[in-house]
Number of protein chains: 4
Amino acid sequence: MSTPRPRRHDPDRRDRIIDACLDVIAEHGVAGTSHRRVAAAADVPLGSMTYHFDGMDALLREAFTRFADQVATLAERRMAAAGSLEEALDAFAANIEEDVFGTQRDLVITHELYTLAARRPEYRDITTAWMARTRATLEPFVDSTTAVLLDAMNEGLSIHRALHQHSPRPGLAREAIARLVRPAL
Amino acid sequence: MSTPRPRRHDPDRRDRIIDACLDVIAEHGVAGTSHRRVAAAADVPLGSMTYHFDGMDALLREAFTRFADQVATLAERRMAAAGSLEEALDAFAANIEEDVFGTQRDLVITHELYTLAARRPEYRDITTAWMARTRATLEPFVDSTTAVLLDAMNEGLSIHRALHQHSPRPGLAREAIARLVRPAL
Amino acid sequence: MSTPRPRRHDPDRRDRIIDACLDVIAEHGVAGTSHRRVAAAADVPLGSMTYHFDGMDALLREAFTRFADQVATLAERRMAAAGSLEEALDAFAANIEEDVFGTQRDLVITHELYTLAARRPEYRDITTAWMARTRATLEPFVDSTTAVLLDAMNEGLSIHRALHQHSPRPGLAREAIARLVRPAL
Amino acid sequence: MSTPRPRRHDPDRRDRIIDACLDVIAEHGVAGTSHRRVAAAADVPLGSMTYHFDGMDALLREAFTRFADQVATLAERRMAAAGSLEEALDAFAANIEEDVFGTQRDLVITHELYTLAARRPEYRDITTAWMARTRATLEPFVDSTTAVLLDAMNEGLSIHRALHQHSPRPGLAREAIARLVRPAL
DNA sequence: AATGAATGAGACTTCATTCAT
DNA sequence: AATGAATGAAGTCTCATTCAT
C-alpha cells in the first residue's frame, strides 16, 4: 500500500504553514502565492489550507503580521541595549545596514507588504503598528519629529538597497542619521 | 445585440493598452493584472493583448517604463526652474509633497514597481534609471552624497505617506531636506 | 437545465480517461487530441484532465503504453498456443492479418505511436518494449535474425494495409513468413 | 524608418514555403505545423500563407507530394543503373540502408505522412503512388508478389530503424532481400 | 498583388474552493 | 478532525483566418 501519508496529529502544522507562506511570498510574490504552492512548501495536504485558514487573505494577514512582529522585536532588542544617544544612533544605523534588510528575503517580503498596504487599507494596521514600534525605540533619545525622519530614512535607504545593483557605501546610514539628528546648539 | 465591434484600424491602440495597464495595476496590483482586465479597460479584444505584446511581462515592462519616465520628466521640469540652492530645495520638497505622490494612484503604481524590482532584477534597470534622473536634478546644487540622501528621504517619506492613515504634517519634507543639506560653514 | 452534473466519487475515472484518449487519438490523431476532446469523450469535466494527468504528454504516454500492452498481450496469447514451428508461423500470420491490425482503429493508433516515437525519443521505450515482446514470442521457434525479419515484415505488411485502398490478397503474410524462415537444409 | 521589408517580387516564394513546411513537419510534426511557424521558417510574412495556399491542408498536400516525389525519384535513379537481378537487389538494399531513411529528417516526415494517410483517406493517393513507383522499379527483375514483399520489408526495416535506439546490424536488409527473392529452382 | 493588423475560438494550465469520505 | 478528489472559473498564449490598406 506504500505508506499512505501517516501524518495525523501534527501540532504546529498551522505554524509551519505560516512560515512556508512567507517563503513563498519571498520567492513568488503575493501575486504568485497560492494555496497549492504554500501547501507544497509546508509539506501539507492541499485540503489542509482551507481547513486551517479562511482563505488566502486570512493567511496573508497572519503571515505578514508574524513577519512584522519578528523584525520589530529584533530591532527593539538592539535598541534596548543602548545607554546613550550615541549608542542608540549606532544601533539604529546597524539595524538599517544589517538586520532589517540584511537578507534579500526580508527585503522582498517587506516590499510585498508595503505594496499590499498601499493598495488595501485593511493591511495598514500591520504597517502602522510596525512603524510605531520602530519609532518608539527612538523616542527615549530624540524628539518625535526626528524619530519620524529617522524612520523615513530607514525606509528610504532600504529601498535604495533593494533597487540598486551595487551596495551603498558603508557608513552612509550613519552619516544620514548624524545629519538628521540636529545637535542642540 | 450590441454592435458586434466593428473596430479595425485603430492606431495608437498599443498606446491605449499601456495606459490601461497602468490603471489596472493601480486598481488591482500587478498580482491582479491580467490580460482580460487590461483588455477590458482598454476596450480591446482579448486576442489583441498577445498580438501587441509578447506576454504579460513585456507589457508590464513597457507600462512601468512609461510611468517612470512621466514622473521623472515632471520632476525634472520643476527642478529646472530653480535658480538657486534655496529654490531647488523648495522644488524638491514640493516634488515630494505634491507631484510625485500627490495621487494615491501614482503612489500605488510606484510601490508595485518597487516590489517587482525587489524580487526580479530584470526590472531594476527601470528603477535605477529613474533614481539616477532624480539625483541628477539635484547635483547642480549639492554634492553627490547629499543627493543620495535627499533621494532616499524622498522615498522614505512617500512610503510613510502611503502607509499611514493620516497625512504627515505639512512642512515635514522641507524640514528633512534642510537637515540633510549641510550648510557650508 | 440538464442535470448539473452531480457526479463526485467516480472511481476508475482515470481509467476511463485513458481509454477515451485512445478513442480520440484514433479519430483525430495525436495532433487533434486535446484536453477538451478527451474530457468530452470520457464525460468528465475539463478540470479533471490536468488533475489526473500532469499534462497532455503524460496522458499520451499512459494511453500508448496501455495500448501497446493490450496488443502485445493478445499476440502473446495466440503464440503461446502454438506447439510447433508450423503452428507458430500460422499464428504469427494470423496475428498480422487478423488481430493486430484487424481494425482500422488499432492500425491508426499504432501509426500515431510510431510517428510520435520517430520524432521524440522519449516515446521509444514504449515501442522498443512492444517490439521486444513480439520478437520474444518467436524466439522459441526461430533464430534471432529470423525473428527480427519476421517482425519487420509484420510492420511492413501492416503499413501496406493501412495505406492501400484494396486489401492485400489473402495468404500474403503466410507466404512472406515462409520465405523468411529458412528451412534447415 | 528601418527598411520596412523591401521584399516584393519574390518568385519561388511559393516553393520556399513548401520546403519550409517540410522542415517544420520534421521538427514539430504535422500537429505542430502552423501557418505561423512555416511563415517564420520561410521568412515570409504571415499574410502570405493564406494568400498562396488555400489552407493548411492544401499546403500539407503539396509538401508531402513534393517529398514523396523527391524520394521516389532518387530511388528510381539508383535502380535504373542496375543491369542484373543481383545489382538490382544490391541497389534496393542500398536504398533501404542509405537513401530513403538515411536521415532522421526524411524518416520522420515519412512517418508523418503515413500517419496522416492512415487516418485520412484523401492523403492515400500520395502514398499509393509512391509505393507504386517503388514497386515499379523492381518489376523488371522480380515477379509482382516478390515486389510487394520487398517493398513491405523496406517499410518494416525502416520502421525498426526509426524506433530503435541502436542501428540494425549492417547487411540485414540484404539478407532479408535474399530470403524473399526465391531462387528459381 | 500583397500584407500587417486584428480577432474570436480554443489550446493548456493553475487556481480557490467544495465536499464525500 | 482531516483530506484526496473534484470542478468551474479564469489565467496565458497560439492559432487560422479575415480584412483594410
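- At E/dA6, none of the side-chain N or O atoms of B/Y51 fall inside 4.0 Å of OP1 or OP2 (strictly under the cut-off).
- Base pairing annotation: E/dC15 forms a Watson-Crick or G-U wobble pair with F/dG8, both donor-acceptor distances under 3.5 Å.
- One atom, CZ of C/F53, and another, P of F/dA6, lie 11 Å apart when rounded to the nearest Å.
- In this entry the distance linking CE of A/M49 with C1' of F/dG4 reads 16 Å, nearest Å.
- F/dT21 and E/dA2 make up a base pair, with Watson-Crick or G-U wobble contacts both under 3.5 Å.
- Residues meeting the salt bridge (Lys or Arg N to Asp or Glu O under 4.0 Å) test with D/R37, sequence neighbours left out: none.
- In this structure, the CG atom of C/D12 is 10 Å from the P atom of F/dA6, given to the nearest Å.
- Contact of the A/D23 side chain with the A/R105 side chain is registered, since non-hydrogen atoms from C-beta on lie closer than 4.5 Å.
- Proximity of B/S48 to the phosphate of E/dA6: no side-chain N or O atom is located under 4.0 Å from OP1 or OP2.
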* Would you please test A/R13 and A/D43 for salt bridge (Lys or Arg N to Asp or Glu O under 4.0 Å) and show each step? => CA-CA 9 Å; A/R13 161 177 295 192; A/D43 188 26; over 6 Å; no
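- Each of F/dT3, E/dT14, E/dA6 was ranked by its minimum atom distance to the side chain of B/R13; first place goes to E/dA6.
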* Output, in order, the C-alpha distance, side-chain angles, deciding distance and verdict of side chain to side chain contact (heavy atoms under 4.5 Å, CB included) for A/Y114 and A/T127. => CA-CA 7 Å; A/Y114 286 176; A/T127 53; 4.1 Å; yes
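- Listed pair B/R36 / E/dG8 fails the phosphate criterion, with no side-chain N or O lying under 4.0 Å from OP1 or OP2.
- In this entry the distance linking CG of D/L59 with P of F/dA16 reads 10 Å, nearest Å.
- C/M56 comes within contact range of the sugar-phosphate backbone alone, with a heavy-atom separation under 4.0 Å but no base atom that close.
- Spacing between atom CG of B/L60 and atom C1' of F/dT12 amounts to 13 Å, rounded to whole angstrom units.
- Comparing D/L46 and B/T50 along DNA chain F, the residue whose closest nucleotide (by nearest heavy atom) sits nearer the 5' end is B/T50.
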* Given B/E27 and A/R119, is the salt bridge (Lys or Arg N to Asp or Glu O under 4.0 Å) satisfied, shown in steps? -> CA-CA 8 Å; B/E27 189 174 1; A/R119 209 159 27 78; over 6 Å; no
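- As rounded to whole Å, 14 Å separates atom C1' of F/dA5 from atom CZ of C/R16.
- B/S34 comes within 4.0 angstrom of the backbone, heavy atoms only, and of no base.
- OP1 or OP2 of F/dA6 lies within a sub-4.0 Å distance of a side-chain N or O belonging to C/H52.
- Rounding to whole angstrom units, CZ of residue B/R37 and C1' of F/dG11 are separated by 11 Å.
- The listed nucleotides are F/dC13, E/dA16, F/dA5; the one nearest the side chain of B/H35 is F/dC13.
- Here the P atom of nucleotide E/dC12 and the CD1 atom of C/I17 are 13 Å apart, to the nearest Å.
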